[in-house]
Each structure stands twice: as structure tokens, then as C-alpha cells.
*Asks:* 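Mind having a look at this structure? Questions to follow.
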Amino acid sequence: MNARSVSRRAFLGTAGAGALAATVALGTDALAHPPGAGAAVPKGLDAAVPFEGAHQAGIVTPVQDRLLFASFDVVSDDRTALVQMLKDWTSAARRMAAGEMIGTDNDDLVAPPDDTGEAQDLGPQSLTLTFGFGTSLFDRADDPFGIAARKPDALAPMPAFARDEIRPEMSEGDLAIQSCANDPTVAFHAIRDLARIGRGVVALRWSQQGFGRTSVTDTNQVTPRNLMGFKDGTNNIVVEDTGALDDHVWVGPKDDPDWMRGGSYLVTRRIRMMLEIWDRSTLSDQELTFGRNKGEGAPLGAHEEHDAVNLKATKDGALLIPENAHIRLAAPAANDGVRILRRGFSFTDGIDPVTNQLDAGLFFIAYQRDPRTGFIPVQRHLATDALNEYIRHESTGTFACPPGVGAKGFVGETLFD
């Protein structure tokens, strides 16, 4: 969903929810498997994730099955209206995370209902809604929201990297919402209704669907495979490792600015995979590209997926894991100990009309204490990655995700207080 001009944004401001529905309709129809009206929610999928807490949900929450990520442009310069929208978003998010309908006026026949209704019978489905603020919100002319001086140094436009093919119309944004759930209709419903609530204050800029998590965030999850068929995120930070979370994910108690303490910085990248080229590569080439075997997911030279990565292992005088293998270049040992929390998703958006090839890949999501010491140096180190032959970075986003809220708080209150 792109906001290419003022007139386009104005249109979205009056019809954002409907436009979003049109954008994701095919994907939702293809992925959804909701029960009929009044049917029981499938067992194991009806758990509610608490919305309130010291940190926002959706960061260390066990990764769900579905994603709808949405970026918004703020189309109003009214600070009071923006703060009220954030309060309304928070109220609606609390109810949706609990599996409840938004508002109470859903039976008034002479007024639009408070809730669009498509998720009414589906339960919470582990819905989490994670909110972030983009750099452009702080950089507006004349500082209408009075927040320019509170912009974090860590929140800066993403630098250009080797072989980037970034499309500005589907990158960045003033506000972002990550909606994750175990049912695509529930994830879609949340973004649709929040866009409707924000009409006149925000307009949808772009969105991205995701299916099939590509990482683990707790020790109970089995490592998934990406669309290239390889296990992904084997050595990801997990919720049980609180020390790593404090060191690498959460903004610390002495970090600046103070309003971000307990929050985290979100980086997104839409990474298209050239699957037709990849599918013509030999198994040996594929394994050397990643530095893992495809079946078990073990590092080359090892036997099990979680065996230690030995970057010094050789055979006949040659490195078992090549110098340009992805696992080598991304390893903390090769990046001064840098770690990030990944929770990305696979995506497929039909056929590229230019190449007539699949438009599919990875919607990369990473949380970190500071992108300047997290994602950015790691990505620079990946400039010689053998995987670059098969991927294209087409979209980017950086957002400051503030801490969680209490029972009477709202998302962003630490910034606007």
C-alpha cells in the first residue's frame, strides 16, 4: 500500500481500511481457514497474550504463524489529535488482544458498528500489536508535535548498503504497527480497524503480509525453514536468555533518551528471493552459500543443528565453512559479539509482472538495543555474502518501539507525556 502523493494520502485518509482490504484480500483468502460463524475456536490457537507489561508484546512473544505489518503517514499536524488517536489505538488493541469486540455500539442499525466484525468468532489467536515511531515523525517542518528534541540518536534513516534496491514508496513511515497472530483474519482485522480508527490523522503508506515464521524466540519452538528450504534463526536470542535480551534487545535503564528505556528499535527489510535461480543451484552450492547442510541444518563439519559453529574447521587445507558463507559473516563471533533478535516471516505476493517470476522471499524483522551497533554493522559485514547472488533488499524501515504500557497508560505516553 503506497502513498505516492498528497492526493493519494488524502484518499487513503478517507478510505484506508477499504484500500487495505483490497490489497491483502487475495492473500488472506488464500491463507485463512476460519471456522464458520459461531464455531468453536481451534484448540491451541485461542490463547490471549497480555497487551500490558514492561515491554510491548510481539517482541519476545513466541512467534506466531501470521503477520500483517503496516506503515502509516501522519496526515495531520494536530498534536492533540495524534495523542488522542494513540489512546484510541491502545484501547482498541487491549480489547482485540483479549479477543473482544471493539466498542459497544455494534448493534445500532443506524450507525456504522464500532468493530468491522470479521474476527468476531475467532478468539484472541495469540494476537500481538507492536507499535513504533519512525524518524520522519520527528523531522517534520516546524515540529508540530513538539518532539523533535526527543528524537533518539539511534533512530536515523538506514544507510545504503551494497546491492540495495530500495523502493522509497514501500519503506519507512511515521508510524508502524506489527500485527502477529495465529490466524490471518485476526491479524488483518487488527490493522483494518486501527486504520479506520486513525482515519483523518493517519493514512496507510505500505503494508506487508507474512506467513510461516522464520525464527524461534523461545526454546520450545522448532527451528523453521525459509523459502530456500534451509533452517533459519537457529542461534536467535530466546526469551529465556534474559541476559542477552538486556544486553542486545532492550534499551537500558541508563540509555538515552529516557522515554525509550524498556523499549527496542525495530528494523524491517523486505528481502526478495530469486527462487528460480536458487532452484537451479546444486545442493552443494546451496549448502556452501549458507554454511549449513540442508537436511539437518547443522553447520558444515558438524552433525546436529545446534552444534557449535566452528569457523576454523578445515578439510584438506580448505575452510569447511567458506569465507563468504552466510553463517560465517552473520555469526556474532565475526561481528564483535553483536546479536539481534529476529522474528521475520516468509511472504509471497503473486507474480512479478516484469519477469513473470514469483515475488516471494523473507520479510526480515529484527529488534535491537541500537541499530547503530546491531543491524547496521552486521549488514555491512554481509556485503560479500554469497547469498547476495540470490536475494534483493527492496524495502527498509527503522522504528523506535517505546516500552509497554500499564493498565491506564497508552502507547507512546513516555514520548508525549
Side-chain angles (χ1 to χ4, degrees), residues 1 3 9 11-25 27-29 31-32 34 37 41 46 48-52 56-58 64 66-76 81-109 111-132 173-210 405 410-412:
M1 184 64 61
R9 287 195 293 271
F11 168 75
L12 286 170
T14 59
L20 176 67
T23 298
V24 302
T28 300
D29 288 345
L31 299 175
V41 176
D46 59 350
V49 177
F51 177 77
E52 297 158 1
Q56 288 198 63
Q64 302 95 319
R66 310 293 183 179
L67 163 80
L68 182 55
F69 189 92
S71 171
F72 296 81
D73 289 326
V74 175
V75 295
S76 169
L82 176 59
V83 171
Q84 184 59 53
M85 183 202 71
L86 292 172
K87 292 178 178 179
D88 293 341
W89 272 6
T90 302
S91 177
R94 280 194 180 99
R95 296 183 68 95
M96 289 189 289
E100 300 172 358
M101 297 280 283
I102 297 173
T104 57
D105 295 328
N106 291 298
D107 297 319
D108 186 347
L109 298 180
D114 291 335
D115 191 301
T116 53
E118 68 272 26
Q120 182 172 349
D121 304 306
L122 299 181
Q125 297 286 333
S126 298
L127 173 69
T128 57
L129 293 162
T130 313
F131 299 85
D174 294 330
L175 298 171
I177 306 174
Q178 172 194 281
S179 176
C180 296
N182 284 322
D183 187 286
T185 301
V186 172
F188 166 78
H189 166 260
I191 296 297
R192 177 186 180 185
D193 273 76
L194 293 175
R196 177 182 56 82
I197 290 169
R199 188 175 299 155
V201 180
V202 295
L204 281 160
R205 177 177 176 84
W206 58 274
S207 66
Q208 179 64 57
Q209 285 190 98
V405 300
F410 67 94
V411 172

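Sequence positions, counted from 1, serve as the residue numbers for this chain.
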*Asks:* Taking it one step at a time, do M85 and V74 satisfy side-chain contact (heavy atoms from CB on, under 4.5 Å)?
*Replies:* CA-CA 11 Å; M85 183 202 71; V74 175; over 6 Å; no
*Asks:* State, with a plain yes or no, whether a side-chain heavy atom of H189 is found less than 4.5 Å away from one of L127.
*Replies:*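 Of all side-chain heavy-atom pairs linking L127 with H189, none is under 4.5 Å.
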*Asks:* Walk me through whether F72 and I177 qualify under side-chain contact (heavy atoms from CB on, under 4.5 Å).
*Replies:* CA-CA 8 Å; F72 296 81; I177 306 174; 3.7 Å; yes
*Asks:* Report the distance from atom OG1 of T130 to atom CZ of F69, rounding to the nearest 0.5 Å.
*Replies:*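 One finds 9.0 Å between OG1 of T130 and CZ of F69.
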*Asks:* Go through it in stages, so that I can follow the logic: the residues are V201 and W89, the test is side-chain contact (heavy atoms from CB on, under 4.5 Å), and I'd like the CA-CA distance, side-chain angles, deciding distance and then a yes or no.
*Replies:* CA-CA 12 Å; V201 180; W89 272 6; over 6 Å; no
*Asks:* For residues T90 and F51, determine if any side-chain heavy atom of one lies less than 4.5 Å from a side-chain heavy atom of the other.
*Replies:*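 Side chain of T90 against side chain of F51, heavy atoms only: contact under 4.5 Å found.
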*Asks:* Mind listing the closest non-hydrogen atom pair of D114 and D193 along with its distance?
*Replies:*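 Looking at all heavy atoms of both residues, the shortest contact is O-OD2, 3.8 Å.
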*Asks:* Show the nearest heavy-atom pair for residues A97 and P124, with the distance to one decimal.
*Replies:*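 Taking A97 first and P124 second, the nearest heavy atoms are O-CB, 3.5 Å.
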*Asks:* Counting only heavy atoms from other residues, nucleotides and ligands, does the tally under 6.0 Å from CG of D107 exceed 12?
*Replies:*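 Not buried by this count: 12 neighbours or fewer within 6.0 Å.
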*Asks:* Roughly how far, to the nearest 0.5 Å, is CD1 of I191 from CE of M96?
*Replies:*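 One finds 8.0 Å between CE of M96 and CD1 of I191.
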*Asks:* Give the minimum heavy-atom separation between A181 and A187, together with the two atoms involved.
*Replies:*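 Smallest interatomic distance, heavy atoms only, reads CB-N, 4.0 Å.
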*Asks:* Run the numbers on E118 and R192 for side-chain contact (heavy atoms from CB on, under 4.5 Å), then give the verdict.
*Replies:* CA-CA 10 Å; E118 68 272 26; R192 177 186 180 185; 3.3 Å; yes
*Asks:* To the nearest 0.5 Å, what is the distance between CG (D174) and CG (L82)?
*Replies:*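 Taking CG in D174 and CG in L82, the distance rounds to 9.0 Å.
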*Asks:* Just wondering, do L129 and V411 contact through their side chains at under 4.5 Å, heavy atoms?
*Replies:*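 No, their side chains stay 4.5 Å or more apart.
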*Asks:* To the nearest 0.5 angstrom, please state how far the CG atom of L122 sits from the CG atom of D183.
*Replies:*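 Atom-to-atom, L122:CG and D183:CG are 5.0 Å apart.
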*Asks:* Write down the atom of C180, the atom of L67, and the distance for their closest heavy-atom approach.
*Replies:*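 So the minimum-distance heavy-atom pair works out to SG-CD1, 3.8 Å.
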*Asks:* Considering non-hydrogen atoms only, spot the tightest contact between G200 and V75 and give its length.
*Replies:*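 G200 and V75 have their closest heavy atoms at O-CG2, 3.7 Å.
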*Asks:* Looking at every heavy atom in both S71 and G173, which two are closest together, and how far apart are they?
*Replies:*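 Minimum heavy-atom separation between S71 and G173: OG-CA, 3.3 Å.
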*Asks:* Within a strict 4.5 Å, meaning less than it, do heavy atoms of the Q64 and T128 side chains meet?
*Replies:*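 Touching, per the 4.5 Å side-chain cut-off.
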